[in-house]
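Okay, so here's the structure we're looking at.
Per chain, numbering begins at 1; letters A, B, ... match sequence-line order.
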There are 2 protein chains.
Amino acid sequence: MGEGPGSHADRFLKARSERASALLEDYTELIADLTAEHGEARLVDIARAMGIAHPTAAKAVSRLKREGLATSRPYRGVFLTEAGEAMAEKARIRHQLVLDLLLAIGVPAEAADLDAEGIEHHVSDETLAAFEAFLKRSGG
Amino acid sequence: MGEGPGSHADRFLKARSERASALLEDYTELIADLTAEHGEARLVDIARAMGIAHPTAAKAVSRLKREGLATSRPYRGVFLTEAGEAMAEKARIRHQLVLDLLLAIGVPAEAADLDAEGIEHHVSDETLAAFEAFLKRSGG
DNA sequence: ACAAAAATGTAGCCTTGGCTATATCTACAT
DNA sequence: ATGTAGATATAGCCAAGGCTACATTTTTGT
């Protein structure tokens, strides 16, 4: 048969890799938020905000460090690297745009807020551009 | 502070649980497709369509069986139970609606096709209803 | 200054979802 | 009918992302 590009497999592979990076994006976004609010991101705050136990947050931070997205010293707060900041910023923009789009479509605020979190990681640059164009069009 | 409902933690918990069920939904949807096309879903076809190795597909089928979503006998095809069919049907509708919405917004067909796969699992009933209303409104 | 509380670190366990390698079974062809 | 190809099963490995329990370090309060 040879389904070519756009096959089942392609879509699933894309969705899988997005799921894999979704958590890292969430963490960088959150760390950026906490840093903006409190000057630093403490493990305990990360854990509470993510709704997980601190050892899980610690593991995640290890991974962030391993991937070059964050730095930290023992018993101190966590900070983003340049790469981490970039990822957080990209996630922030994406999140806001998805949220705006949902609201523009007529999704109730509460549902939009909840759903945007999951959706944002699966929106390609191309789709994001279309969202932006739609908002511009319908907004003004 | 006590952020109350709609906090970071709530959104992340929701996104996490959606990620967990996303794969099961993908499998039921795919098995339904294959069954419609070929009368049954063979492991090898499932694996190819998902872009994974067969042992991985076999494990997934075990899990589907354990969750009461599918049945199978050794060296034979996989079939959905009532519950599995229901999940597949719901996923199908959801997928189509998300795809239609993306197209209506102006997302190019190829991007819409790819992104819908990831997005569909994070769209709540409420948001889905809003999508439907928007399509009705803008469609005619 | 020192004890108690809070935060962080570490160890060890579980499940999920990937993989490869190997064994067994089914189906097909000659 | 039997050998080979194809499909399925099984074992065992890995990393991620959860958890609890316990150890250590910092911070705080008196």
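- Under the 4.0 Å criterion applied to side-chain N and carboxylate O atoms, K14(B) and E18(B) are assigned as salt-bridge partners.
- Note: NZ (K59(B)) to C1' (dT15(C)) measures 10 Å, nearest angstrom.
- For the salt bridge (charged side-chain N to carboxylate O under 4.0 Å, His left out) test, residues two or more places apart in sequence or in another chain that qualify with R11(A) are D113(B), E117(B).
- Applying the salt bridge (Lys or Arg N to Asp or Glu O under 4.0 Å) test to residues at least two apart or on different chains, the pairs with a partner in residues 80-89 of chain B are E89(B)-R92(B).
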(request) Sugar-phosphate atoms are those with a prime plus P, OP1 and OP2; base atoms are the rest. Using that split, label each nucleotide of nucleotides 1-6 of chain C B, S or - for protein heavy atoms under 4.0 Å, 5' to 3'. (result) ------

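- Computed from coordinates, the R73(B) CZ to dC25(C) P distance equals 16 Å when rounded to whole Å.
- At whole-Å resolution of the value, CD in E67(A) and P in dA16(D) are 8 Å apart.
- Summarising the geometry, the separation between CG on L69(A) and P on dA16(D) is reported as 13 Å, rounded to the nearest angstrom.
- Partners of F12(B) according to the ring pair (Phe, Tyr, Trp, His ring centres under 6.0 Å) rule, which considers only residues two or more places apart in sequence or in another chain, are H8(B).
- The interatomic distance linking M50(A) (CE) with dG18(D) (C1') rounds to 11 Å, in whole Å.
- What separates CZ of F12(B) from C1' of dG18(D) is a distance of 16 Å, to the nearest Å.
- Regarding R19(A), its CZ atom lies at a distance of 12 Å from the C1' atom of dT16(C), rounded to whole Å.
- Formation of a donor-acceptor pair under 3.5 Å by the T35(B) side chain with backbone atoms of E40(B) is not found in this model.
- The side-chain hydrogen bond (donor to acceptor under 3.5 Å, both in side chains) check on R76(B) picks up nothing, with sequence neighbours excluded.
- Screening residues 102-129 of chain A for ring-ring contact (aromatic ring centres under 6.0 Å, His included) gives H122(A)-H122(B) as the qualifying pairs, with residues at least two apart or on separate chains.
- Mapping G77(B) and A20(A) onto DNA chain D by nearest heavy atom places G77(B) closer to the 5' end of the strand.
- The list of ring-ring contact (aromatic ring centres under 6.0 Å, His included) pairs with a residue in residues 89-114 of chain B, not counting sequence neighbours, is empty.
- Between R66(B) and the phosphate of dT16(C), there is a side-chain N or O to OP1/OP2 separation shorter than 4.0 Å.
- The side chain to side chain contact (heavy atoms under 4.5 Å, CB included) test applied to L128(B) returns R94(B), L97(B), V123(B), not counting sequence neighbours.
- What separates CZ of R16(A) from P of dA16(D) is a distance of 16 Å, to the nearest Å.
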(message) For a quick check, with a 4.0 angstrom heavy-atom cut-off, what is the B/S/- contact string for nucleotides 20-27 of chain D, read 5' to 3'?
(response) BB--BSSS

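- With dT8(D), dT8(C), dT10(D) as the candidates, the nucleotide lying closest to the side chain of V44(A) is dT8(C).
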